[in-house]
Amino acid sequence: MSNKRLVVVGDGMVGRRFLEAIVERDPSWQVTVLAEEPRPAYDRVRLSAFFDGVSADELSLASELPGVDVRLGEPALAVDLEARTVTTGQGAYEYDKLVLATGSVPFVPPVEGAGLDGVFVYRTLEDLESIKERAAGRSHGVVIGGGLLGLEAANALRLLGLETQIVEFAPWLMARQLDEAGGGVLKQHIEKLDIDVACSTGATKILEADGRLLMETNQDGVAFETDLIIFAAGVRPADALAREAGLEVGERGGVIVDTACQTSHPDVFAIGEVAAMEGICYGLVAPGYSMAEIVADRLAGGEATFPGADLSTKLKLLGVDVAQFGAMDGPLATTYLDPVEGVYAKLVLSDDAQTLLGGMLVGNAEPYPLLRASVGSKVPAQLADLLSSGEVEGALPDGAQVCSCNAVTKGEIMGAIHDGCHDVGEIKGCTKAGTSCGSCVPMLKQLLAEGGVEVSKSICEHFSQSRAELFDIVKVTGITTFSELIGRYGSGLGCDLCKPAVASILASLSNGHILDGEQATLQDTNDHFLANMQRNGTYSVVPRIPGGEITPDKLIVIGEVARDFGLYTKITGGQRIDMFGARVEDLPKIWRRLVDAGFESGHAYGKALRTVKSCVGTDWCRYGVQDSVKMAIDLELRYRGLRSPHKLKSAVSGCARECAEARGKDFGVIATEDGWNLYVGGNGGFTPRHADLLVSDVDSETLVRTIDRFLMFYISTADRLQRTSKWVEALDGGIDYLREVIVDDKLGICAELDALMTKHVENYADEWKGVLDDPEKLQRFVSFVNAPETPDPSIEFETVRGQQFPAGSTERSHIQPVLLGTPERK
Amino acid sequence: MEAICAFDKLIPGRGAAALLKDGTQVAVFRLADGGLFALSNRDPFSGACVMSRGIVGDRGGEPTVASPLLKQVFSLKTGRCLDDESVALEVFAVEVVDGEVRVGATADVKASA
Ligand code: SRM
Ligand SMILES: Cc1cc2nc3c(=O)[nH]c(=O)nc-3n(C[C@H](O)[C@H](O)[C@H](O)COP(=O)(O)OP(=O)(O)OC[C@H]3O[C@@H](n4cnc5c(N)ncnc54)[C@H](O)[C@@H]3O)c2cc1C
Ligand code: SF4
Ligand code: FES
């Protein structure tokens, strides 16, 4: 049976999962995908992250799928079950098997005026783009619906800077997941975020009023004047296509399928939100993924059936912990309420109180992963602990489902750990656990510990401590030398791992010139000669050019120096100029001329601040909204010379067009109409990562203070050679936790972080000037102790494209590339 | 044996290079405890004469130097590369006479490759 034709209608989350599964299991199918939306599948679950600055590209789930023809923007219009064809505006497609994955459409209750401009639904990226456009320059928004989706939409409006009102028909919020007490506690939390909530209230009519909207309600005298309205009142299965084709549909909608996902016609399957599995349509992605796997398995000859769905949910927004799992009510329920802290918990148990059946958590959802995984098993810990503290350690049975998005059990994860998975990244790779909503990741960490994987943090054989611990030791004891530190806290002579790490810690804490006394012996060769060693033993010279702004006179000096010393010159990716091929004995002479012309070290050799790139901003650009060049220069001058666990890069863009690529930087700043947005944890390099939004629309002073604290908190706690991107990812609680520490001062350490940065700024001195002023340090810049005037005779150059290169470069270009470092395994 | 410099000129915990009369380059290392070692200055992995600029330390008690380019670690005593058994640096004889450091080729201390 070659060339079997398969048509899939809908390229949403479930459709895409199905495509991946079928390509993997049975690539002999010739697949055509008819997709209504103009772009390939994207992560609808994380849709709201779009308002947190996550781009459409980052949400994309598109992947290269061999043998699959995806026809974007070409919706299926009709299905002929007899002829086995699907018709679109462009033509007809024949199939042997048809898979319907058309998802849902938002439900808009029949309210007069629901079609007016300024009234939206919340389902696609296009919806969000229109909402964003409408919100610009306006002040108020209403969300109709106080369920999971409505709360997400309300948060979106808040992020867009609108005053936000939620209107919910039911008597409390999230009525499908919470009981009245839980809904009440949740309302407190939502109102603390400055979102107004009106329950037992329904919209009756929407009117246009002077470019704004007026929404009337079923409550006497209650109406809202607003700029935009979002309907988030639920979804209905997108079953029109199936209905018209004559497939059986459920009473409340949805294409009826059996546990093999087969519809009333044997050649047609339905999966995802459009499918009514035994009469029920599931509005969550996890059951949809199971269905995708089932149909792929069936089409590859298998026998899979639907295992049942886990409808647990966790609100992933607003910084409010809410979770519901298993049954909402049952024979025996026990509750805990702390109205002061705003914590409510309810656990539903079997009548013998032995088995956990379900429950809900508001205000503190820390035990959620453990509880969810324990549904149907023994209660995993002392009830009192589970209900109140959140600090629970409990044992799960092997069969418990730890990752419900991907249906992975504890047993499978323990197996993967046993077979050599050593961190969360590896478990994700082998089992898929943790790769969707991420709520099970804390459990994965716990299971790693349970499996005896101890992640050693010690930096090398000479110190059992982590870098962060050594940092604290040095800070608290005031130790200023490596010998004292290794004598008291370590063993042996040290090595090329711990010596530079300690040198960096001593430098971060402002302990004088990095080549003073014993410190000189700790430095990597690059730091030792304040220049980067190249593969032939020569060095590169990179003067600082703050913000990338340079005068013509200084440009001329660089040109003259490079010409006089025969250096190869290149514009770097960091908006400055690198001069290569300097012999060690020439470095002081080169720097004498640069320092005299007003240049300083660019620290291209150090684990330190590299560059703060800029775009021209308001100075010249017609779009600029703030002075990005001046800000970049100010930041570069403030943090120059700051030693850190790894290099630090930054950029400042003058508007959202982002010409300086700030979101690829450790800390990136983007100008807004009202001030600055600060993004942190970005990275290019081995594992690119877009930076996360930390604070928005802040003034310059707040911006600088927040960066000060971010950098010092990073320097105090990161591992050796851990860039900010990995550090932010590894923080328990992520960016929200970071914000709590450095904006809200949750740990009470901000004053200390501020003081450390002040000390750095006050103590900064140019390292190269320090060397030129010190005859003893200058003596080290020779090739040979016994022949200080003689250059290394083994270094030779050749001329290529009018400049000098290490001899043999041209023949060597075919040899293996030089390893710059080892990508971190994840 | 050739005199290269005063012992006091060497920085404890760091290396220095010397150019012998026949053009050979030797890397001389002085440890904090006064120990003195001499090896070829040529990094066999890159071909660059840079071993004297590596970081000195120990691995399991064996005194070492790490190549500054690609960080392979070599024993200061035997010259053997601890990360790649097939590679070794030539070892030179070194002594201090009247406060002067002297080095020379030593056929008998040579590391077997
Ligand atoms: C010169 C330059 C390339 C160029 O010709 O443009 C360069 C050259 C080197 N890069 Fe780079 N990188 C240069 C921009 C970048 C950029 C782009 C940028 O900064 O906007 C990136 C990606 C952005 C980022 O870091 O997130 C970049 C990512 C790396 C990485 C990978 C880092 C990572 O986190 O994965 C390494 C390896 C490392 O640091 O471990 C590296 C390492 C190096 C080293 C230091 C390798 C080495 O140890 O010899 C190169 C030596 C430069 C020298 O001798 O002066 N370079 N490197 C650029 C200097 C910029 C500057 O003015 O300071
Ligand atoms: C804001 C938001 C937050 C959410 N959060 C969560 C969450 O936290 N957890 C969770 O589990 N779920 C969440 N969901 C629900 C989740 O997104 C859905 O369960 C999931 O997307 C369903 O996948 P699907 O493929 O069935 O439908 P969809 O992803 O909607 O895909 C269906 C696709 O089919 C297309 N289509 C429809 N008709 C046709 C046609 N005739 N021809 C061609 N194409 C057609 C549609 O345009 C669409 O692209 C959320 C949903 C939203 C909107
Ligand atoms: S980021 Fe904006 S202000 Fe800066 S150059 Fe680009 S368009 Fe102009
Ligand atoms: S539970 Fe969602 S990724 Fe594991």
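First the proteins, then the strands, lettered A, B, ... as listed; each starts at 1.
For Asp33(B), the CG atom counts as densely surrounded, since its 6.0 Å shell holds more than 12 non-hydrogen atoms of other residues, nucleotides or ligands. More than 12 heavy atoms of other residues, nucleotides or ligands lie within 6.0 Å of NZ in Lys71(B), so this atom counts as buried by the packing criterion.
Taking 4.5 Å as the heavy-atom cut-off, the residues of residues 782-790 of chain A that approach chain B are Ser783(A), Phe784(A), Val785(A), Asn786(A), Thr790(A), ordered by number.
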Please walk me through it: do Val73(B) and Asp496(A) pass side-chain contact (heavy atoms from CB on, under 4.5 Å)? CA-CA 9 Å; Val73(B) 172; Asp496(A) 60 315; 4.3 Å; yes
Between Arg53(B) and Asp524(A), does the salt bridge (charged side-chain N to carboxylate O under 4.0 Å, His left out) criterion hold? Intermediate values first, please. CA-CA 9 Å; Arg53(B) 300 178 219 165; Asp524(A) 239 320; over 6 Å; no
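Contacts between Gln779(A) and chain B at a heavy-atom distance below 4.5 Å involve the side chain alone, from C-beta outward. The part of Cys5(B) that comes within reach of chain A is its side chain, from C-beta onward, which places non-hydrogen atoms under 4.5 angstrom from that chain. Heavy atoms closer than 4.5 Å to chain A are found nowhere in Glu2(B), neither backbone nor side chain. For Ala18(B), the parts lying under 4.5 angstrom from a heavy atom of chain A are both the backbone and the side chain. Interface residue Leu522(A): only backbone heavy atoms are found under 4.5 Å from chain B.
For chain A, the option among Ile4(B), Ile11(B), Leu19(B) with the highest count of heavy-atom pairs below 4.5 Å is Leu19(B). Comparing Gln523(A), Gln534(A), Arg780(A) by heavy-atom pairs within less than 4.5 Å of chain B, the highest count is held by Gln523(A). Among Cys49(B), Gly23(B), Ala16(B), Ala32(B), the residue making the largest number of heavy-atom pairs under 4.5 Å with chain A is Cys49(B). Contact count against chain A (heavy-atom pairs under 4.5 Å) is highest for Ala17(B) among Ala48(B), Ala17(B), Pro68(B).
Distance CG/Leu69(B) to CZ/Arg535(A): 10.0 Å, rounded to 0.5 Å.
Side-chain N or O atoms of His528(A) include none that pairs as donor or acceptor with a backbone N or O of Ile55(B) at under 3.5 Å. Glu461(A) contributes no side-chain N or O that, together with a main-chain N or O of Arg59(B), makes up a donor-acceptor pair within less than 3.5 Å.
You'll find the side chain of Leu493(A) reaches within 4.5 Å of the side chain of Leu31(B), heavy atoms only.
Minimum heavy-atom separation, Gln25(B) to Pro793(A): NE2-CD, 3.8 Å. Heavy-atom minimum distance, Thr521(A) versus Gly13(B): CB-O, 3.7 Å.
Shown here are the side-chain hydrogen bond (donor to acceptor under 3.5 Å, both in side chains) partners of Thr538(A), two or more places apart in sequence or in another chain: Asn536(A).
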